[in-house]
Amino acid sequence: MRAGEALYVLPSLRAGAGDEGGIVLTRKFIEGAAAYAERWPGPVVVCMRRRTGADTNLDHVEVDPADLPFGFQWLEDDAAGVARQIGGARLVLASLIDHHVRMATICARCAVPLVYVSEYCLQTRRQIIRAETANPLLRWRRQWWTMRIERQFEQALRLAAGVQCNGTPVHDAYQNVNPSALLYFDSRVRRDMLATPEVLEQRTRELLDGRPLRLAFSGRLIRMKGADHLLPVAAGLKRLGVPFTMDICGGGPLLDTLKLRILRLGLADRVRLRGVLDFRRELMPFITRHVDLFVCCHRQGDPSCTYLETMACGTPIAGYDNGAARGIVKHSTVGWLSALDRPRELAQRIARLDDDRSHLADAAETALAFARRHTFEETMQRRVDHMIECSDRQKLSAAS
């Protein structure tokens with residue numbers, strides 16, 4: 001490895017041990033790390049912690065580290081070991097999580113520039129706790145710990161060379177803490193996956209022909225993603241007399257509950273559970289060709305790649321007014337938001353859109369235009385350019 005040129009990547013994701021002797025990662029992470037390797041002017045090394053239990057990600061794959069287009073190492077446990085591991089690197093890119101707070105001090109001692117990647121601001125983390133924690137005492141303890149760790153996050157950010165902010169909530173929170181804060185919108189969609197004008201024209205004709213409105217959701221079936229609110233939205237639309245279908249794509253702990261509630265609410269003729277679809281081969285083509293409106297009941301402002309990926313299908317979004325969705329709507333000028341945790345209001349908003357289908361058709365074009373400016377390729381290049389700028393700036397500062 002060429003000294004002084006390597007990029008070390010420390011993600012929040014943990015790697016698990018595979019049944020065949022390899023390591024278990026997610027396809028999304030591998031694609032992202034491979035994109036760094038394609039663009040970074042030197043070697044790329046990923047350092048990860050071990051995962052012992054299961055997680056809720058849907059795209060696990062077992063790989064041999066030797067077959068990856070980047071280096072792989074297990075992250076050392078102690079600070080001295082980490083310092084030896086990353087010493088001499090050109091840059092460290094680390095997720096802003098509790099385990100990586102110490103990296104600010106370690107990198108400063110090693111004179112290695114550090115750029116953090118952040119997805120959750122304090123408000124979003126607190127929203128996630130409220131959505132996922134039913135026990136009041138446990139909820140209070142988690143809220144207290146979150147407030148405490150936020151102070152450490154801000155101290156670490158002040159020492160870092162830069163921060164990359166996934167979504168507007170975290171950018172709004174940290175742009176005044178670190179002067180080199182980059183805003184980006186996460187997406188796995190490459191240029192060749194964007195909806196074509198021909199497909200969009202066909203879908204528009206079907207929409208304006210008056211057939212039932214085609215709704216969909218994709219993602220993890222968990223409370224923080226609002227999967228438990230999809231059926232109340234569907235039930236509200238049924239009460240309002242809106243002709244519609246709703247396809248729910250994904251898997252997770254709420255799957256069995258959704259199956260039972262579909263039957264109890266009499267929605268079996270309208271709501272379909274499609275399971276986990278392969279992203280490129282199945283999910284993207286399905287939403288592009290067969291979905292008029294995406295229903296997004298995310299109950300917090302996490303910067304889900306769902307937003308950009310759905311818009312890349314030329315499919316507009318109606319959802320809850322969380323911070324991430326609000327930022328997407330502001331920057332793209334398309335989308336419709338209702339108050340958090342109010343599925344009946346969201347159903348009413350969708351019913352009004354059903355009465356103005358030409359507006360929906362126009363919104364599809366606007367959504368696609370925004371996604372074209374934020375494809376995977378464009379976003380990754382901007383991020384790598386930002387990392388190089390942060391590294392060069394710190395070198396110049398140290399030399400002066």
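Basis for what follows: all heavy atoms, side chains included, without hydrogens, waters or symmetry-related copies.
- For the pair Q127 (side chain) and G301 (backbone), a donor-acceptor distance under 3.5 Å is present.
- Using a 3.5 Å distance cut-off with no hydrogens or angles, the side chains of H386 and S180 do pair a donor with an acceptor.
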Requested in this report: Test side chain to side chain contact (heavy atoms under 4.5 Å, CB included) on T26 and H60 and set out the steps.
Outcome: CA-CA 4 Å; T26 65; H60 290 124; 3.9 Å; yes

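- At a threshold of 4.5 Å between non-hydrogen side-chain atoms, the residues L207 and L213 count as touching.
- A donor-acceptor contact closer than 3.5 angstrom links the side chains of Q202 and R205.
- No hydrogens or angles considered: nothing links the side chains of R125 and T146 as a donor-acceptor pair under 3.5 Å.
- Surrounding CZ of R272 are more than 12 heavy atoms belonging to other residues, nucleotides or ligands, all under 6.0 Å away.
- Residues that satisfy the side chain to side chain contact (heavy atoms under 4.5 Å, CB included) test with R27, not counting sequence neighbours, are D59, V61.
- With a 4.5 Å cut-off on side-chain heavy atoms, K225 and S304 count as touching.
- Proximity of S12 to E119: side-chain heavy atoms (C-beta onward) are nowhere separated by under 4.5 Å.
- Hydrophobic clustering of Ile, Leu, Val, Met, Phe, Trp and Tyr side chains at less than 4.5 Å, counting indirect connections, unites V112 with L10.
- Within 6.0 Å of CZ on R344 lie no more than 12 heavy atoms contributed by other residues, nucleotides or ligands.
- At a threshold of 4.5 Å between side-chain heavy atoms, the hydrophobic network of Ile, Leu, Val, Met, Phe, Trp and Tyr places V44 and I23 in one connected group.
- Counted within 6.0 Å of CD on Q123, heavy atoms from surrounding residues, nucleotides or ligands total 12 or fewer; the atom is thus considered open.
- Within the 3.5 Å criterion, the main-chain N or O of E5 finds a donor-acceptor partner in the side chain of W40.
- With a 4.5 Å cut-off on side-chain heavy atoms, L308 and T379 do not count as touching.
- At least one donor-acceptor pair closer than 3.5 Å links the side chain of R382 to the backbone N or O of L183.
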**Report entry** Residues D355, R352; criterion side chain to side chain contact (heavy atoms under 4.5 Å, CB included); working and verdict
**Finding:** CA-CA 5 Å; D355 289 334; R352 291 195 293 272; 5.5 Å; no

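- Each of Y116 and I97 belongs to its own hydrophobic cluster when Ile, Leu, Val, Met, Phe, Trp and Tyr are linked at side-chain heavy-atom distances under 4.5 angstrom.
- Using a 4.5 Å cut-off on side-chain heavy atoms (C-beta onward), D354 and P243 make contact.
- If you chain together hydrophobic residues whose side chains sit under 4.5 Å apart, M224 and L221 never meet in one group.
- The nearest pair of heavy atoms linking L368 to A312 is CD1-O, 3.4 Å.
- Listed by chain and residue number, nothing satisfies the side chain to side chain contact (heavy atoms under 4.5 Å, CB included) test with W140 (two or more places apart in sequence, or in another chain).
- No donor-acceptor pair under 3.5 Å is formed between the side chain of R190 and the backbone N or O of E377.
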Report task. Output, in order, the C-alpha distance, side-chain angles, deciding distance and verdict of side chain to side chain contact (heavy atoms under 4.5 Å, CB included) for F70 and V9. Result -> CA-CA 10 Å; F70 47 85; V9 180; over 6 Å; no

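- Judged purely by atom type and a 3.5 angstrom limit, K330 has no side-chain atom pairing as donor or acceptor with the backbone of T168.
- Distance alone, capped at 3.5 Å, is enough to place a donor-acceptor pair between the E62 side chain and the E20 backbone.
- Formation of a donor-acceptor pair under 3.5 Å by the H100 side chain with backbone atoms of S95 is found in this model.
- For the pair R383 and Y184, the cation sits on the ring face: its NZ or CZ lies under 6.0 Å from the ring centre, inside 45° of the axis.
- Aromatic ring centres of H298 and Y307: separated by under 6.0 Å.
- The salt bridge (Lys or Arg N to Asp or Glu O under 4.0 Å) check on R349 picks up nothing, with sequence neighbours excluded.
- Take D192 and apply the salt bridge (Lys or Arg N to Asp or Glu O under 4.0 Å) test, not counting sequence neighbours, and it matches R280.
- No side-chain heavy atom of P113 sits under 4.5 Å from any side-chain heavy atom of C390.
- Counting only distance, with no hydrogens or angles, the side chain of D209 and the backbone of R211 share no donor-acceptor pair below 3.5 Å.
- Contact annotation: the side chain of M246 never approaches that of L267 to less than 4.5 Å [non-hydrogen atoms, C-beta and beyond].
- Within the 3.5 Å criterion, the main-chain N or O of D292 finds no donor-acceptor partner in the side chain of R214.
- Between S218 and R274, the side chains place no donor N or O within less than 3.5 Å of an acceptor N or O (distance only, hydrogens not considered).
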Extract all donor-acceptor atom pairs below 3.5 Å that involve side chains of residues 333-342 and protein atoms in other chains or at least two apart in sequence.
unit_1 : atom_1 : unit_2 : atom_2 : d
D341   : OD1    : R299   : NE     : 3.0
R342   : NH1    : E345   : OE2    : 3.0

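- Linking ILVMFWY side-chain heavy atoms closer than 4.5 Å, directly or via other members, places V329 and F217 in two distinct hydrophobic clusters.
- Classification of R326 and D172 as a salt-bridged pair fails, no side-chain N sitting under 4.0 Å from a carboxylate O.
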Query raised in the report: Taking it one step at a time, do D256 and L260 satisfy side chain to side chain contact (heavy atoms under 4.5 Å, CB included)?
Result: CA-CA 6 Å; D256 290 338; L260 291 174; 5.8 Å; no

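- Residues forming a ring pair (Phe, Tyr, Trp, His ring centres under 6.0 Å) with Y320 (at least two apart in sequence, or on another chain): H229.
- Counting heavy atoms from C-beta on, the side chains of L93 and L7 come closer than 4.5 Å.
- Nearest heavy-atom pair, A361 versus T204, reported as atom, atom and distance to 0.1 Å: CB-CG2, 3.7 Å.
- When atom types are taken as modelled, the side chain of D186 and the backbone of N166 share no donor-acceptor pair closer than 3.5 angstrom.
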